[in-house]
Structures are given as structure tokens and as C-alpha cells.
Amino acid sequence: VQLQASGGGLVQAGDSLRLSCVASGSIFSTFRSYDMGWYRQAPGKQRELVASISSGGTTNTADSMKGRFTISRNNGKKTVTLQMNDLKPEDTAVYYCNRVDLGTGSSLLDWGQGTLVTVSS
């Protein structure tokens with residue numbers, strides 16, 4: 001499975017962005033069984049899990065992003081989307097999607113291309 005994220009850019013604090021991640025190389029029925037997550041890695045920091053969505057559609061968002069970030073998925077298009085509102089400078093990072101182990105938060109596939117989000121104050 002290959003994962004490619006897109007939709008990042010340079011925005012100002014308070015703006016919104018919508019990130020998309022498309023999975024390729026997997027059969028239709030495999031993607032729909034995956035629990036998926038969005039991760040981010042800020043400069044000089046470890047990669048962290050931002051939000052997850054189970055195969056059944058249950059979502060979870062990290063505390064600092066609750067109320068601002070929303071994750072969703074479209075199994076027919078094999079995509080996972082992250083809607084980010086009220087962006088803050090501390091949201092600046094490279095964002096990635098991956099299959100996630102919901103028990104540990106660990107990623108389960110090779111990392112694909114991320115997308116850079118830069119939020120200016």
C-alpha cells in the first residue's frame with residue numbers, strides 16, 4: 001500500500017486547511033478494513049498521532065486539536081481527510097497519514113509522502 005498526502009500550504013493563524021490522503025496499491029476491501037490515522041512531525045520533534053478513524057468510522061482526536069481538527073474517510077475513494085480549522089503556529093508540521101494500531105497509536109505501514117503545513121502568526 002502506498003500513501004500520499006496532499007493539501008498543505010502556507011496559511012495564517014485562524015485559517016483552515018483540508019488535507020487528503022489517498023491509498024493506492026491496495027484492493028478495495030483491504031482499505032476499508034484499516035484503521036487510519038493522521039500524524040504530524042514538527043521540526044525537531046517526534047512524529048505524533050493527530051487523529052484516528054476506525055474501520056467502523058469511530059474517530060478520536062488528540063486533546064490539543066479537539067474541536068479544531070476533524071478526520072473522515074471515504075472507503076470508495078480510498079481516502080482519508082483531515083479538516084483543520086482555527087490553525088495555530090504550533091500546528092506547523094509535515095502531516096502524514098498511515099494505517100494505525102488503535103491500541104498503541106503506532107503506524108503499521110511504510111511512510112508515504114507527507115504534506116507541509118506552515119502556519120504564520
Side-chain angles (χ1 to χ4, degrees):
V1 176
Q2 291 80 47
L3 301 165
Q4 182 161 345
S6 63
L10 173 62
V11 298
Q12 293 186 331
D15 285 350
S16 298
L17 276 176
R18 188 175 180 87
L19 305 184
S20 292
C21 173
V22 60
S24 60
S26 68
I27 61 174
F28 176 83
S29 61
T30 301
F31 179 81
R32 64 172 55 244
S33 72
Y34 289 174
D35 300 321
M36 295 296 296
W38 278 97
Y39 295 77
R40 72 184 184 185
Q41 187 166 21
K45 296 188 177 181
Q46 288 190 328
R47 200 168 304 188
E48 61 176 342
L49 180 62
V50 170
S52 63
I53 184 166
S54 72
S55 60
T58 300
T59 63
N60 192 36
T61 307
D63 287 344
S64 62
M65 299 98 176
K66 272 186 169 58
R68 300 191 299 123
F69 290 10
T70 303
I71 188 171
S72 60
R73 66 189 297 161
N74 184 321
N75 290 331
K77 295 182 179 180
K78 293 188 289 184
T79 58
V80 183
T81 300
L82 185 69
Q83 177 68 42
M84 305 188 296
N85 299 327
D86 189 23
L87 283 161
K88 304 177 186 301
E90 52 265 40
D91 294 320
T92 294
V94 179
Y95 285 72
Y96 305 83
C97 71
N98 209 315
R99 184 184 178 190
V100 62
D101 180 330
L102 292 179
T104 64
S106 299
S107 58
L108 295 174
L109 300 172
D110 291 339
W111 292 104
Q113 178 179 330
T115 187
L116 176 62
V117 173
T118 304
V119 185
S120 64
S121 58

Derivation and outcome, side chain to side chain contact (heavy atoms under 4.5 Å, CB included), residues N60 and K66: CA-CA 9 Å; N60 192 36; K66 272 186 169 58; 4.0 Å; yes
Do L109 and Y34 pass the side chain to side chain contact (heavy atoms under 4.5 Å, CB included) test, and can you show the C-alpha distance, the side-chain angles, and the key distance before you say yes or no? CA-CA 11 Å; L109 300 172; Y34 289 174; 4.3 Å; yes
Please step through side chain to side chain contact (heavy atoms under 4.5 Å, CB included) for the pair S16 and Q83, ending with a clear verdict. CA-CA 8 Å; S16 298; Q83 177 68 42; 4.0 Å; yes
Please report the C-alpha distance between S20 and T79 in whole Å, then the side-chain angles of each, then the deciding distance to 0.1 Å, and finally whether the side chain to side chain contact (heavy atoms under 4.5 Å, CB included) criterion is met. CA-CA 7 Å; S20 292; T79 58; 5.7 Å; no
For S54 and D35, what are the C-alpha separation, side-chain angles and deciding distance, and is it a side-chain hydrogen bond (donor to acceptor under 3.5 Å, both in side chains)? CA-CA 4 Å; S54 72; D35 300 321; 4.6 Å; no
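Under the 4.5 Å side-chain contact rule for hydrophobic residues, V100 and V94 share a cluster. Each of Y39 and I71 belongs to its own hydrophobic cluster when Ile, Leu, Val, Met, Phe, Trp and Tyr are linked at side-chain heavy-atom distances under 4.5 angstrom. There is no path of hydrophobic side-chain contacts, each under 4.5 Å, that joins M36 to L49. There is no path of hydrophobic side-chain contacts, each under 4.5 Å, that joins V117 to Y96.
Here the CD1-SG distance, from I53 to C97, works out to 12.5 Å after rounding to the nearest 0.5 Å. Note that CG of N74 is 9.5 Å distant from CZ of R32, once rounded to the nearest 0.5 Å. Rounded to the nearest 0.5 angstrom, M84 CE and Y95 OH are separated by 5.0 Å. Distance check: L87 CG to Q12 CD gives 11.5 Å after rounding to the nearest 0.5 Å. Here OG of S52 is found 12.5 Å from CG of N98. Values are rounded to the nearest 0.5 Å. Between the CG atom of L17 and the CG atom of L19 there is a distance of 6.0 Å, given to the nearest 0.5 Å.
Scanning all heavy atoms of the two residues, the minimum distance from P89 to S121 falls at CG-CB, 3.8 Å. Of all heavy-atom pairs spanning A23 and V1, the tightest one is CB-CG1, 4.1 Å. Scanning all heavy atoms of the two residues, the minimum distance from L82 to A51 falls at CD1-CB, 4.2 Å.
Other residues sharing a hydrophobic cluster with V22 under the 4.5 Å side-chain heavy-atom criterion for ILVMFWY residues do not exist; the residue is a singleton.
Centroid-to-centroid, the aromatic rings of F69 and W38 stay 6.0 Å apart or farther.
For the pair K88/V119, no side-chain contact is recorded, criterion being any heavy-atom separation below 4.5 Å from C-beta on.
Residues forming a salt bridge (charged side-chain N to carboxylate O under 4.0 Å, His left out) with E48 (at least two apart in sequence, or on another chain): R40.
The only option from D91, N85, D86 that meets the side-chain hydrogen bond (donor to acceptor under 3.5 Å, both in side chains) definition with R68 turns out to be D91.
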